[in-house]
Enquirer: 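I have a structure here, written as structure tokens, and I will follow up with some questions on it.
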Amino acid sequence: VQLVESGGGLVQTGGSLRLSCTASGILEDEYAMAWFRQAPGKEREAVFCFDTRYGFTYYDYSVKGRRTVDSADAKIALDLEMHSLQPEDTATYYCAAVDDWGFSCRELTESGYDFWGQGIQVTVSS
């Protein structure tokens, strides 16, 4: 499984940003994916997760997630939409996935995700 994040960058306070994670190589019908973020000097934390059985679980209710499936290319996209961004949203954002997962993603901790993207930087200027 390969995960590629895109859409990061520099945005002004109050602005919006949409990050996208494209997953390829997921073989099973049941899986889970998530977005995490790690702010400078802080631990990595989950933003939201998605699983094929129960859908989205949000840990930050200010964001919105969207999943799209491209069956032709066998790719899955998991988008993270953020609005009214603040400097404290500055972080490296990571996409994660686990294949062959038929349970709620609430049961997954960070260590439960087998695959990770390289991370993408989001910087919110004040």
Side-chain angles (χ1 to χ4, degrees):
V1 176
Q2 289 187 321
L3 304 175
V4 179
E5 299 115 335
S6 61
L10 177 66
V11 62
Q12 291 185 337
T13 296
S16 300
L17 209 59
R18 184 172 70 185
L19 305 182
S20 185
C21 171
T22 301
S24 58
I26 289 182
L27 303 177
E28 301 295 333
D29 292 335
E30 293 186 311
Y31 56 88
M33 296 178 68
W35 275 100
F36 288 78
R37 65 184 169 210
Q38 186 167 21
K42 295 187 177 180
E43 293 187 353
R44 190 155 56 184
E45 62 179 5
V47 180
F48 73 79
C49 65
F50 170 87
D51 63 75
T52 49
R53 184 161 294 196
Y54 298 101
F56 287 92
T57 296
Y58 289 94
Y59 299 97
D60 179 349
Y61 294 97
S62 71
V63 307
K64 182 179 179 180
R66 182 178 66 176
R67 182 205 61 150
T68 55
V69 178
D70 185 342
S71 300
D73 289 341
K75 291 183 178 180
I76 301 164
L78 187 70
D79 291 349
L80 165 60
E81 295 184 10
M82 300 180 288
H83 303 284
S84 301
L85 285 162
Q86 301 298 313
E88 51 265 35
D89 295 314
T90 294
T92 301
Y93 287 73
Y94 297 90
C95 179
V98 57
D99 204 356
D100 194 18
W101 182 261
F103 308 97
S104 171
C105 59
R106 291 185 185 91
E107 299 184 28
L108 284 166
T109 61
E110 184 176 330
S111 62
Y113 290 91
D114 296 325
F115 306 101
W116 290 81
Q118 77 281 4
I120 192 164
Q121 181 66 35
V122 171
T123 302
V124 184
S125 63
S126 57

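Note that the structure is predicted; figures quoted are calculated from it, not measured.
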Enquirer: Mind checking what makes side-chain hydrogen bond (donor to acceptor under 3.5 Å, both in side chains) contact with Glu30, not counting sequence neighbours?
Expert: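 Partners of Glu30 by the side-chain hydrogen bond (donor to acceptor under 3.5 Å, both in side chains) criterion, ordered by chain and then number, come out as Arg53.
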Enquirer: Got a second to check how far Ile26's CD1 is from Ile76's CD1, nearest 0.5 Å?
Expert: 4.0 Å
Enquirer: For Ser125, what residues pass the side-chain contact (heavy atoms from CB on, under 4.5 Å) criterion, not counting sequence neighbours?
Expert: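 Scan of Ser125 (side-chain contact (heavy atoms from CB on, under 4.5 Å), adjacent residues dropped) gives Leu10, Gln12.
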Enquirer: Let me confirm one number: the CG-SG distance from Leu78 to Cys21, rounded to the nearest 0.5 Å.
Expert: 6.0 Å
Enquirer: Please tell me if the side chains of Thr13 and Leu85 come closer than 4.5 Å, counting only heavy atoms from C-beta onward.
Expert: no
Enquirer: When hydrophobic residues are tied together by side-chain contacts of less than 4.5 Å, even through go-betweens, does Val63 share a cluster with Leu17?
Expert: yes
Enquirer: Applying side-chain hydrogen bond (donor to acceptor under 3.5 Å, both in side chains) as the test, list every pair that has at least one member in residues 39-48; sequence neighbours left out.
Expert: Arg37-Glu45, Arg44-Glu110
Enquirer: Could you work out, with side-chain contact (heavy atoms from CB on, under 4.5 Å) as the rule, every residue matching Asp73, not counting sequence neighbours?
Expert: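 Per chain and number, Asp73 pairs via side-chain contact (heavy atoms from CB on, under 4.5 Å) with Asp70, Lys75.
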Enquirer: For residues Trp35 and Tyr54: do they belong to one hydrophobic cluster (side chain heavy atoms under 4.5 Å, members Ile, Leu, Val, Met, Phe, Trp, Tyr)?
Expert: no
Enquirer: Measuring from atom CZ of Phe56 to atom CZ of Arg67, what distance do you get when rounded to the nearest 0.5 angstrom?
Expert: 7.5 Å
Enquirer: Taking only residues at least two apart or on different chains, which pairs with a member in residues 59-91 satisfy ring pair (Phe, Tyr, Trp, His ring centres under 6.0 Å)?
Expert: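 For residues 59-91: none.
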Enquirer: Would you say Val4 ends up clustered with Leu80 if hydrophobic residues are merged whenever their side chains have heavy atoms under 4.5 Å apart, either directly or through other cluster members?
Expert: no
Enquirer: Other members of the hydrophobic cluster containing Val98, with the 4.5 Å side-chain heavy-atom rule, please.
Expert: Phe36, Tyr94, Trp101, Phe103, Leu108, Tyr113, Trp116
Enquirer: Can you tell me if Gln38 and Thr92 form a side-chain donor-acceptor pair at under 3.5 Å?
Expert: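 Side-chain D/A pair, Gln38 to Thr92: absent.
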Enquirer: Check for a donor-acceptor pair, side chain of Asp51 on one end and backbone N or O of Ala32 on the other, with a separation under 3.5 Å.
Expert: no
Enquirer: Side chain of Asp100, backbone of Glu28: donor and acceptor closer than 3.5 Å?
Expert: no
